[in-house]
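Below: one structure, written as structure tokens.
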Amino acid sequence: MPVRLAGKNASPYARLGNLKVLYLKLKSEFGFLDWWPGETPDKILIGAVLTQNTAWKNVEKAISNLEKAGMLSVCAIAGAENKTIEAEIRPSGFYRQKAAHLKGICMHIEENGGLSRFFRKDAHELRLELMALNGIGNETADSILLYAAGKPVFVIDAYTKRIMSRVYGISERLGYLSLQQIITNGIEKSIPLYKDFHAQLVELAKRYCRKKPLCGECPLRGFCLYANSSRA
DNA sequence: CCCCAGGCGTCCA
DNA sequence: TGGACGCATGGG
């Protein structure tokens, strides 16, 4: 299904032939970023919820607390009291919401035969089921699908939107699924590529493509619309 | 003191 | 369908 090119954004989309070049440039700059190496699906799933609009440093504390309490599993969370979960994940912020969400998510998974059985479903069905749960939206669903379940689904986040906006002039208000389709149409379908590309974009956004960008030192300054505009 | 961080659900037009 | 708002801790 081709992406429809329309209006003033038609021309920047044509530049997406550079997408793989952009990835390779980032990879040569940051190296291969191995997110979640050897970690359990349970830990990755829980981390995906805890990191919602939250600095990763704080999530690490919450995960460490859960681990020490023997609660870093879908099964343990499903059987724990909300108050108990809240106490452990407090450093990750929004802790009452996240505790309630995690509990509901984990209970649903346990009631349906556990995580390994859950992840055996095909990506499309799994995505719909995840999205139906309270506390899981587009990004969290896709993070779980890619990093925990090992499905070929590209993750879009606020960093991805910002970078695509600045480099290619794609509107930041473009819908999640639209931007996801544009990107997956521009690179080959590969789980390791999807994993590393997303990680590279996060790294770029943290180091250079911040809200107040550091275009002068940015590895993408050579082919970024924003870096080469008068505003940068 | 301020702003920000790997979103999401709810409410409202 | 889309914008405003609440949720909360910890670091710069």
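The shown structure was predicted, so the numbers you read here are calculated from the model rather than taken from an experiment. Quick note on labels: first sequence line is chain A, next is B, and so on, each numbered from 1.
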Working for salt bridge (charged side-chain N to carboxylate O under 4.0 Å, His left out), residues Glu217(A) and Arg207(A):
CA-CA 10 Å; Glu217(A) 313 299 323; Arg207(A) 294 206 206 178; over 6 Å; no
Stepwise side chain to side chain contact (heavy atoms under 4.5 Å, CB included) test for Met131(A) and Asp142(A):
CA-CA 9 Å; Met131(A) 289 285 292; Asp142(A) 287 342; over 6 Å; no
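Nucleotide dC5(C) holds its P atom 16 Å from the CG atom of Asn53(A), rounded to whole Å. What separates NZ of Lys212(A) from C1' of dG12(C) is a distance of 14 Å, to the nearest Å. In this structure, the CG atom of Asn58(A) is 6 Å from the P atom of dG10(C), given to the nearest Å. If you take CD of Glu172(A) and P of dG2(C), they are 15 Å apart, rounded to a whole angstrom. Protein atom CZ of Arg162(A) is 10 Å distant from nucleotide atom C1' of dC4(B), rounded to whole Å. In this structure, Ile156(A) atom CD1 and dG7(B) atom C1' are separated by 14 Å, rounded to whole Å. Atom NZ in Lys161(A) sits roughly 10 Å away from atom P in dG7(B) (whole-Å rounding). Rounded to whole angstrom, the span from the CG atom of Leu50(A) across to the P atom of dA5(B) amounts to 18 Å.
Base contact: Gln97(A) has a heavy atom under 4.0 Å from a base atom. In this structure, Asp157(A) reaches the sugar-phosphate backbone alone: every heavy-atom distance under 4.0 Å involves primed, P, OP1 or OP2 atoms, never a base. At the heavy-atom level, Ala205(A) lies nowhere under 4.0 Å from the strands shown. At the heavy-atom level, Leu133(A) lies under 4.0 Å from the strands shown only through sugar-phosphate atoms. At the heavy-atom level, Ile136(A) lies under 4.0 Å from the strands shown only through sugar-phosphate atoms. Across all strands shown, Lys98(A) has no heavy atoms under 4.0 Å from either base or sugar-phosphate atoms.
Between dA8(C), dC4(B), dG10(C), one nucleotide has an atom nearer to the side chain of Tyr95(A) than all others, and that is dA8(C). Distance from the side chain of Phe94(A) is smallest for dC7(C) among the nucleotides dC7(C), dC4(B), dG9(B). Which of dT9(C), dG7(B), dG9(B) sits closest to the side chain of Pro91(A) comes down to dT9(C).
With both ends at atom P, the span from dC8(B) to dG10(C) equals 22 Å, rounded to whole Å. Atom C1' of dC7(C) sits at a distance of 22 Å from the matching atom of dC1(B), rounded to the whole Å.
Phosphate proximity of dG11(C) to Lys61(A): present, with a side-chain N or O under 4.0 Å from OP1 or OP2. Proximity of Thr140(A) to the phosphate of dC8(B): a side-chain N or O atom is located under 4.0 Å from OP1 or OP2. Side-chain nitrogen and oxygen atoms of Arg96(A) include none within less than 4.0 Å of the OP1 or OP2 phosphate oxygen of dC8(B). For the OP1/OP2 pair of dC4(B) and a distance below 4.0 Å, the side-chain nitrogens and oxygens of Arg210(A) include no atom meeting the criterion.
Counting only distance, with no hydrogens or angles, the side chain of Glu29(A) and the backbone of Gln200(A) share no donor-acceptor pair below 3.5 Å.
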